[in-house]
Amino acid sequence: MSATPHLVELAPIIERQRANRRWLLMYAVCCLITFLDGFDFQILSFAATYLKKDFGLTETQLGTLGTVGLFGTMIGALIMGYLADRIGRRPTIIVSVAGFGVFMLGFAQADTYAHLFALRFISGLFLGGVLPLTWALAAEYAPKRSRVTAVSIIMCGYTLGGAAGGPVSN
């Protein structure tokens, strides 16, 4: 005789929830994470003049740095999405944020074009996981009545991060 596990339907619980401190904290953290993603995406264009001068880079090399980061982001979205389905969104978001933080800091310490190239690609892998995972997390925890608003607010973090690149680089 086997015991049947007790099942809990989460959808009705999520639909009945009201904004609370924990819920708002999760959305604030997701917004901050997407802010950092947007910042990283745009900061290279603001720092390009300095990178070109300090590293003696050509226009092609600068363009390649931007492209390799986006290529890493594309691959990272696929890898991190798969990983999130296996181990969960939260741990995968934590790994992604830690990874892009470490490799962004490494980018600041790079001393050759090859280092810049490799670090930009690797940080892109981790950055690629962050946007779709934070959107999915927001959509999963938001009631249907506010799902689009929740994702839109988190996306504002990305836009604000991109806009912050200019003032910070000055």
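If you read the sequence from its start, that first residue is 1, and numbering goes on from there.
Under the 4.5 Å side-chain heavy-atom criterion for ILVMFWY residues, a single connected hydrophobic cluster contains both V29 and L160. Under the 4.5 Å side-chain heavy-atom criterion for Ile, Leu, Val, Met, Phe, Trp and Tyr, I87 and I79 are members of the same hydrophobic cluster.
Counting heavy atoms from C-beta outward, F35 and T159 have side chains that stay 4.5 Å or more apart.
In terms of modelled atom types and a separation under 3.5 Å, the side chain of S96 and the main chain of V130 share no donor-acceptor contact. The backbone N or O of T58 lies less than 3.5 Å from a partner atom in the side chain of Q61, making a donor-acceptor pair. For S146 (side chain) and T149 (main-chain N/O), no donor-acceptor pair under 3.5 Å exists by modelled atom type.
Minimum interatomic distance between I33 and F100 (heavy atoms only, all atoms of both residues): O-CZ, 4.4 Å. The two residues F55 and T112 make their nearest non-hydrogen contact at CE2-N, 3.7 Å. What you find for C30 and L137 is that their closest heavy atoms are SG-CD2, 3.9 Å. Across M80 and G129, no two heavy atoms sit closer than the pair CB-CA, 3.4 Å.
Under the side chain to side chain contact (heavy atoms under 4.5 Å, CB included) criterion, F39 pairs with I43, A164, V168, sequence neighbours left out. Under the side chain to side chain contact (heavy atoms under 4.5 Å, CB included) criterion, F103 pairs with L119, I122, S123, F126, not counting sequence neighbours. Legend: residues meeting side chain to side chain contact (heavy atoms under 4.5 Å, CB included) with V151, ordered by chain and number and at least two apart, are W135, A138, A139.
Here CG of L25 is found 10.5 Å from CG of L32. Values are rounded to the nearest 0.5 Å. Remark: L131 CG to D37 CG distance equals 4.0 Å, nearest 0.5 Å. The distance from atom CG of L70 to atom CG of L65, rounded to the nearest 0.5 Å, is 11.0 Å. We find the CE-CG distance between M74 and L127 to be 14.5 Å, quoted to the nearest 0.5 Å. A distance of 9.0 Å separates CE of M26 from CD1 of I93, quoted to the nearest 0.5 Å. Distance CG/L44 to CG/L62: 7.0 Å, rounded to 0.5 Å.
Pairs engaging residues 56-77 under the salt bridge (charged side-chain N to carboxylate O under 4.0 Å, His left out) rule: K52-E59 [sequence neighbours left out]. Screening residues 117-135 for salt bridge (charged side-chain N to carboxylate O under 4.0 Å, His left out) gives D40-R120 as the qualifying pairs, with residues at least two apart or on separate chains. Applying the salt bridge (charged side-chain N to carboxylate O under 4.0 Å, His left out) test to pairs two or more places apart or on separate chains, none has a residue in residues 90-115.
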For a side chain to side chain contact (heavy atoms under 4.5 Å, CB included) check, start with the C-alpha distance between Y113 and T64, then their side-chain angles and the critical distance, and finish with the verdict. CA-CA 10 Å; Y113 174 70; T64 302; 3.5 Å; yes

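Annotation: F71, atom CZ; neighbour count of heavy atoms from other residues, nucleotides and ligands within 6.0 Å does not exceed 12. Shown here is F41, whose CZ atom has no more than 12 heavy atoms of other residues, nucleotides or ligands within 6.0 Å.
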